[in-house]
Asks: 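Before we start, here is the structure in question, set down as structure tokens.
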Amino acid sequence: MANKSKFQAIRGTRDLLPPETALWNHVEETAHAVFDTFGFSEIRPPIFEPTELLARAVGGETDIVSKEMYTFEDRAGGLPDPGEMSPDGFLNEIKRAMNSGQLANDAAVIAQLEFQLENYNLRSDSERARLIWLYFVRGLRLGDSISLRPEATASVCRAYIEHNMQQLPQPVKLYYMGPMFRRERPQKGRYRQFYQIGAEVLGGGDAPAIDAEVIEMVMTFFDRVRLSGIELDINSIGHNAPNCRPAYVEKLKAALEKAKDKLGADSQRRIETNPLRVLDSKLEHEQPIIATLPRIADHLCAECAAHYAAVKRQLELRGVFFKENWRLVRGLDYYMRTTFEITAKGLGSQNAVCGGGRYDGLVELLGGPATNGIGFAIGEDRLILSLQESGKGAAPQGRDVYIAWMGERAYATAIRAAKNLRNAGFSVELPPTESKFGKALERADKLGSRYALILGDNEVSEGSWTLKTLADGTQQKFTEPELLEFLKA
Ligand code: ATP
Ligand code: MG
């Protein structure tokens, strides 16, 4: 009996369907156009990367790396099934694969296998020995650990280093768009496969004008796609030197310790692991306590304070409205100095549509030269949701011309007409089978066609075609060249 269970998209993933995909395309085309006017070029990094790269860039202690990444072992194909041969046979196969380069040479793996075989007497014929051996061998890590990317800044920095982009004129300005993957609890505006549009500026110093221009670019883009009711929050989180953020974090810790009893369990834990994140708390009862905590703006070193003041001035010069938000700290480890977040309407608590900031140490952390960096990532899913909520969703796609044809000779003409109209840029529906004109016009209407081109054998032999405007039912006669002229006008 056939298996009738229905397949469904995996939890947290979804199909983007028409007509919504038209809106996605419009948003992406607008991003290409706007970013191009700011001198950014597109980069398309791979969807998976070495786990180590992401762990180092994003930070091992972050939620993303510690529990949200889709990580798997990239085990080389073609290895024999250990269940189908003796333990020594399998061991030989592994050695052969390492010698031939099919598997990475790893003496520790061989040593482990030999140790298990000797120590636990796993060469015996007993079923128990066989099971232990299989359990052990199947759990062995033989391939590289790779992860689906949860964000793309790490990839862009890796590419900058890998392709020696520091030799290009600086700064290098890149943007990307595409899917990201995080194993989060799915809800409105939060998915396991979601899409980001992001940009990075690498190298070329840390002039505050760079920060301001990047922010101006996102705001211009949001304006161009007519995203309404947005708010830009900015902050500076200083830099990692004894006279700046670390000193502030100590003061913050001390203040949090004093109020510890009044904080929830999460915040209590964060006092040790990541005190800045307490400022992020949305818990009602913690708000009065947070309001009394020391603020980083009062503890920035002189350079960071001057940088922050200059960024704000630069934003004003560019006519970009912002709100200072001293509690904006951002979740990823690599940020320093300028951080910003943009929120939009109609999204409930998932209302952040863009997050970004400066990350001057990141390229160096990944093994490259000391390089300044700043960037942002827009949550495209949320941007689309917000556009839809404010009535800027996509209309179903209609057709310019529906060709209603009857008869063999008419069909040949219809095929040619469709080709010419499409070449001229019109969307054309050419039905694959003949139908009565009444039926054809009904279908043209259902598809939202603007015109129906009526082609019967009469029209074809007279060389005079009937074009019906579906909105008002009027009809006009044209020769073939006249028709094209009329439609273009
Ligand atoms: P949030 O606080 O909402 O979890 P975040 O700080 O984790 O956001 P970033 O890593 O800065 O987000 O990513 C930038 C943007 O990507 C976010 O502002 C948001 O619009 C979007 N985004 C992040 N995670 C998701 C997700 N799981 N589903 C949809 N969009 C997301
Ligand atoms: Mg998040």
Side-chain angles (χ1 to χ4, degrees), residues 9-14 16 20 24 27-28 31 54 57-59 61-70 147-157 175-200 214-215 218-219 221-222 225 227 230-235 237 266 270 274 276-283 325 327-336 338-359 362 373-389:
I10 287 172
R11 195 170 132 77
T13 73
R14 61 207 179 115
L16 305 175
E20 192 184 308
W24 283 76
V27 160
E28 288 166 14
L54 297 160
V58 179
E61 295 302 312
T62 58
D63 284 355
I64 292 183
V65 169
S66 63
K67 52 185 195 226
E68 295 172 359
M69 279 209 301
Y70 287 94
S147 297
L148 300 184
R149 62 182 188 194
E151 54 104 65
T153 301
S155 305
V156 176
C157 291
Y175 74 91
Y176 60 83
M177 48 185 81
M180 307 294 157
F181 306 86
R182 297 182 194 176
R183 194 187 284 104
E184 302 195 76
R185 194 168 68 78
Q187 49 195 297
K188 183 184 173 193
R190 194 176 291 288
Y191 311 98
R192 292 181 167 182
Q193 173 171 340
F194 62 101
Y195 295 78
Q196 285 186 338
I197 300 176
E200 320 285 352
V214 163
I215 295 173
V218 204
M219 297 304 274
F221 165 68
F222 281 152
V225 293
L227 182 67
I230 57 176
E231 179 182 303
L232 163 67
D233 281 23
I234 64 167
N235 192 21
I237 55 169
D266 276 346
R270 289 193 173 130
N274 198 344
L276 284 174
R277 287 305 298 274
V278 178
L279 303 179
D280 242 1
S281 161
K282 309 259 178 331
L283 291 180
N325 177 357
R327 290 175 54 176
L328 179 68
V329 290
R330 315 268 316 120
L332 310 185
D333 276 5
Y334 49 61
Y335 286 113
M336 49 110 51
T338 311
T339 54
F340 56 98
E341 192 165 271
I342 300 164
T343 50
K345 284 195 306 204
L347 295 172
S349 52
Q350 268 63 249
N351 64 350
V353 287
C354 174
R358 179 165 279 287
Y359 50 83
L362 184 57
I374 181 167
F376 63 80
I378 294 164
E380 193 177 358
D381 309 71
R382 294 184 194 174
L383 166 57
I384 300 269
L385 270 173
S386 183
L387 288 174
Q388 288 169 330
E389 303 266 333

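In listed order, ligands and their atoms are each counted from 1.
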Asks: For I378 and ligand 1, does the shortest N/O to N/O distance drop below 3.5 Å?
Replies: no
Asks: So, is D381 polar-close to ligand 1, with some N/O to N/O distance under 3.5 Å?
Replies: no
Asks: Show the nearest heavy-atom pair for residues V214 and F376, with the distance to one decimal.
Replies: CG1-CD2, 3.5 Å
Asks: Could you pull out, from P150, G12, G379, G189, the option with a heavy atom nearest to atom 29 (C) of ligand 1?
Replies: G189
Asks: If you measure from the Lys or Arg side-chain nitrogens to the Asp or Glu carboxylate oxygens, is any gap between R270 and D280 under 4.0 Å?
Replies: no
Asks: My understanding is that we take every heavy atom of each candidate and find the minimum distance to atom 30 (N) of ligand 1. Doing that for F194, F181, F376, which one comes out nearest?
Replies: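 Nearest option to atom 30 (N) of ligand 1, by heavy atoms: F194.
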Asks: Roughly how far, to the nearest 0.5 Å, is the CD atom of Q350 from the CZ atom of R190?
Replies: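 R190 CZ to Q350 CD: 4.0 Å, rounded to 0.5 Å.
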Asks: Quick one: does Q350 get within less than 4.0 Å of ligand 1, heavy atoms only?
Replies: no
Asks: For ligand 1, which atoms sit closer than 4.0 Å to a heavy atom of V353?
Replies: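 Answer for ligand 1: 18 (O), 20 (O).
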Asks: For E184, is the nearest heavy atom under 4.0 Å from an atom of ligand 1?
Replies: yes
Asks: I'd like to know if E389 pairs up with K188 as an ion pair, taking the criterion as any Lys NZ or Arg NE/NH1/NH2 lying under 4.0 Å from an Asp or Glu carboxylate oxygen.
Replies: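 Result for this pair is yes, salt bridge flagged.
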Asks: Evaluate E341 for polar contact with ligand 1, using N/O atom pairs at a separation under 3.5 Å.
Replies: no
Asks: To the nearest 0.5 Å, how far apart are CZ in R183 and CG in D63?
Replies: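 The distance works out to 13.0 Å.
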Asks: Taking only residues two or more places apart in sequence, or in another chain, which ones meet R327 in a side chain to side chain contact (heavy atoms under 4.5 Å, CB included)?
Replies: L279, Q287, I290, N325
